[in-house]
Amino acid sequence: KKENWMKPEGKLAAAAVALLALAWLLVSQSAPYNYAATPQPLQQPQQQQPKPKPQAAEADTASSSPSSSTTSSASQHEPQQAVRTVQQELEAVRARVGDEHADTAAAHNQLGHVLQGQAELEAALEHFQQALAIYQTVLGDSHSLTAETYRHIGAVYAAQGQSELAAQYATKGRAAALRPPHVVAVVGATGLQGHACVRELLRLLPEVQVRLLTRNATAARAGLLADLLQGDHGAQLTLVEGSLEDAAALDRLLQDAEAVFAVTFSDFEAGRELASGQALVQAIQRAGPRLTRVVFSSGTRTGLDFLDVKADLEDHFRSALPGHSHHVVFVRSSLFFENLVVKGGRPRVVCEWSTTADTAAPAANAAALAAEASRCVRRIAFASPFPPDFAVVMHSARDVGRIAAMALARPLRFAPGDAVRLVGGRVAGRDYVQAFHTAIAQRAAAGELPADLCSPEQLQIEYSDIDLAVIETMIPGTAGQKIAEMYRFYLQGGMAELDSEEQVELARRALPEALTLEEWVEQEGLQLVVDQCRRP
């Protein structure tokens, strides 16, 4: 098992930190975010072309190039006018929201930048320090704006030649950025993604408080979350009853939260998922500057409209929650390994038992008890519309939640705006059968075969493809038609380019933590099948 796949980075040597911090701070002049201003939509590259990460020195140098280089002698008074203008803006913000507000801190930072650009370093330092004090009071030390202001102060010390202080504040800024969130909100906590996110958060951040959105709190307590709610961390979990269409419930979910795992649900009703995702973004905006870390369960853009709702929502998240105010990461999903076993709480795997006990016999009937004890699963049958040798990209649904938890708890693992595609591998039906055969044989050889399964010699594992007409019949209404259309799209080669061996290799290198099919079967899949076979 992958026990160590999320350990934090090791520390750099103190001398190296100081030198690197000084070099970075000498060129850092990035402007702070003003919460009083309305964010403008960002111009994004094509949906499936993640933005290249610029080199820090280049980006920071570009943003700090002095505007005075093109100033003519006739406009020598413009710097003083710029200071007066920003001072007036600061006073206006203070009059509007008071001294202890994030907008006021942003205005102090803005004035500090103007003064720093004119080499009035002591005055700039005073305003940066005032901004830091406000952010620490209003947002806390773990907020990205607090971390950024530490770096602004370090930049002034670097410009003054005080390298030791510059390195100290660079270290403080990095430490602030690394501080874990205290309160995390999780949407869809009763599903595989949300449940895995909660479990991984509790592993990575043992003291974290987690708020869980659920449509039915009673059902949640008895369902997938029961083990967590009744476990050692139960007191850290709070259920919030409501839906993505319930603005009041979303506000309760996000109150005081510093991070959120955002999931929307595909129900194939025109416009519904898009509207619910937009409502979630609005709730994040209403939550204020404390909530900065966001992970959205997104999807790869395919060109098929109803499959691309999550990709459309990813674009909306990018424009509404820009990188200078929010640390948003997108985890793009494909087809799930779990879908061949269970979907929407309903078993898809077929299990055939070796014998049938006489359930009408009284408990004292020794023959009935013996028959019950001898029962074992002798046949496991998987099915999907794909032919046995038709390979598609798949991964574990739980990996979405695990990667989301890692991104929320370890913010330096991904940069703001990063989009990562989860790929367990290219999997065909015959691969699925082989992976289960191998896992069962290994368990049997180790004497760890689940009691409900017959021996490998007796157990038959099958895969068959089903007609798309059966899908449309089994799932009534628009949903069945859309699902059948999705499978046709795959079968006709619609995903051939995105699911090519080259793309799979790139995705695996970018996110090696994703479980392969064999790893998933060994760690989760086999037990999931056994659990479904036990169901009435």
Side-chain angles (χ1 to χ4, degrees), residues 1-2 5 45-53 192-193 297-304 307-308 310-311 314 329-341 382-404 406-407 413-415 417-439 461-466 468 483 485-525:
K1 297 183 182 179
K2 294 187 175 181
W5 62 290
Q46 292 183 357
Q47 172 74 12
Q48 302 310 328
Q49 300 292 329
K51 294 188 295 182
K53 299 176 185 177
L192 292 176
Q193 295 181 39
S297 179
S298 185
T300 305
R301 188 172 291 282
T302 65
L304 203 59
L307 286 183
D308 288 345
K310 294 187 190 299
E314 179 178 317
V329 174
F330 304 93
V331 181
R332 294 176 179 161
S333 294
S334 302
L335 300 177
F336 298 150
F337 293 144
E338 291 87 347
N339 284 355
L340 272 72
V341 181
F382 302 108
S384 89
F386 296 132
D389 58 350
F390 189 88
V392 294
V393 166
M394 301 182 76
H395 62 83
S396 168
R398 291 184 181 276
D399 268 350
V400 182
R402 283 189 284 257
I403 298 301
M406 179 176 67
R413 174 64 173 82
F414 303 107
D418 271 0
V420 293
R421 188 185 182 196
L422 264 173
V423 173
R426 283 170 50 86
V427 177
R430 61 187 179 189
D431 303 321
Y432 213 81
V433 170
Q434 183 58 51
F436 275 91
H437 266 305
T438 300
I461 304 176
E462 303 173 354
Y463 174 89
S464 61
D465 55 322
I466 57 178
L468 289 177
I483 292 173
E485 185 178 349
M486 177 193 74
Y487 281 117
R488 289 191 188 95
F489 178 76
Y490 271 85
L491 290 167
Q492 292 168 3
M495 294 293 291
E497 183 176 349
L498 287 172
D499 287 1
S500 66
E501 293 288 354
E502 179 183 5
Q503 292 298 318
V504 167
E505 179 61 26
L506 288 173
R508 290 291 305 168
R509 285 205 300 265
L511 200 62
E513 297 91 342
L515 297 178
T516 64
L517 173 64
E518 293 74 19
E519 291 167 337
W520 173 77
V521 171
E522 169 59 29
Q523 296 183 29
E524 300 173 5

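Here the structure is a predicted model, which means the values were calculated and not measured. Numbers for residues simply follow the sequence, beginning at 1. In what follows, every heavy atom counts, from backbone to side chain, and hydrogens, waters and symmetry copies are set aside.
Residues Met495 and Val393 fail the side-chain proximity criterion, which asks for heavy atoms closer than 4.5 Å. Put simply, the side chain of Val392 does not reach to within 4.5 Å of the side chain of Val427, judged on heavy atoms. Within the 4.5 Å cutoff, the side chain of Val331 has no heavy atoms near those of the Phe414 side chain. Contact check for Phe382 versus Ile461: side-chain heavy atoms found under the 4.5 Å cut-off. Put simply, the side chain of Ser333 reaches to within 4.5 Å of the side chain of Val400, judged on heavy atoms. A heavy-atom distance below 4.5 Å is not found between the side chains of Pro388 and Val433. Here the side chains of Arg398 and Glu524 are in contact, with some heavy-atom distance below 4.5 Å.
In plain terms, the two heavy atoms of Ala311 and Gly299 that are nearest each other are CB-O, 3.8 Å. Ala439 approaches Val521 most closely through the heavy-atom pair CB-CG1, 3.6 Å. Of all heavy-atom pairs between Val329 and Ala415, the closest is CG2-O, 4.0 Å.
A donor-acceptor contact shorter than 3.5 Å links the side chain of Arg508 to the backbone of Val423. Between the Asp308 side chain and the Arg301 main chain, no donor and acceptor come within less than 3.5 Å of each other.
Taken from CG in Leu491 to CG in Asp465, the straight-line distance is 9.0 Å, to the nearest 0.5 Å. The structure places CG of Asp418 at 10.5 Å from CG of Leu511, a figure rounded to the nearest 0.5 Å. Rounding to the nearest 0.5 angstrom, the gap separating the CZ atom in Phe436 from the CD atom in Glu518 is 11.0 Å. The distance from the NZ atom of Lys310 to the OG1 atom of Thr302 is 12.5 Å, given to the nearest 0.5 Å. A distance of 13.5 Å separates CZ of Arg426 from CG of Leu517, quoted to the nearest 0.5 Å.
Arg413 has a carboxylate O that lies under 4.0 Å from a charged side-chain N of Glu513, or vice versa, which qualifies the two as a salt bridge. A salt bridge links Glu314 with Arg332: the closest approach of a Lys/Arg side-chain nitrogen to an acidic carboxylate oxygen falls below 4.0 angstrom. Here Arg509 does not pair with Glu502 in a salt bridge; the nearest charged N to carboxylate O distance is not below 4.0 Å.
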Verdict with reasoning, Met394 to Leu340, per side chain to side chain contact (heavy atoms under 4.5 Å, CB included): CA-CA 11 Å; Met394 301 182 76; Leu340 272 72; 3.9 Å; yes
Side chain to side chain contact (heavy atoms under 4.5 Å, CB included) between Leu515 and Gln523, worked out: CA-CA 9 Å; Leu515 297 178; Gln523 296 183 29; 3.9 Å; yes
Worked verdict on Thr438 versus Glu522 for side chain to side chain contact (heavy atoms under 4.5 Å, CB included): CA-CA 9 Å; Thr438 300; Glu522 169 59 29; over 6 Å; no
Salt bridge (charged side-chain N to carboxylate O under 4.0 Å, His left out) between Asp499 and Arg421, worked out: CA-CA 11 Å; Asp499 287 1; Arg421 188 185 182 196; 2.7 Å; yes
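The ring-ring contact (aromatic ring centres under 6.0 Å, His included) test with Phe386 is passed by exactly one of Tyr463, Phe489, Tyr490: Tyr490. Partner His395 forms a ring-ring contact (aromatic ring centres under 6.0 Å, His included) with one of Trp520, Phe337, Phe336 and no other, that one being Phe336.
Neither side chain, Glu497 nor Ser500, offers a donor N or O lying under 3.5 Å from an acceptor on the other. Using modelled atom types and a 3.5 Å distance limit, the side chains of Ser396 and Glu338 yield a donor-acceptor pair.
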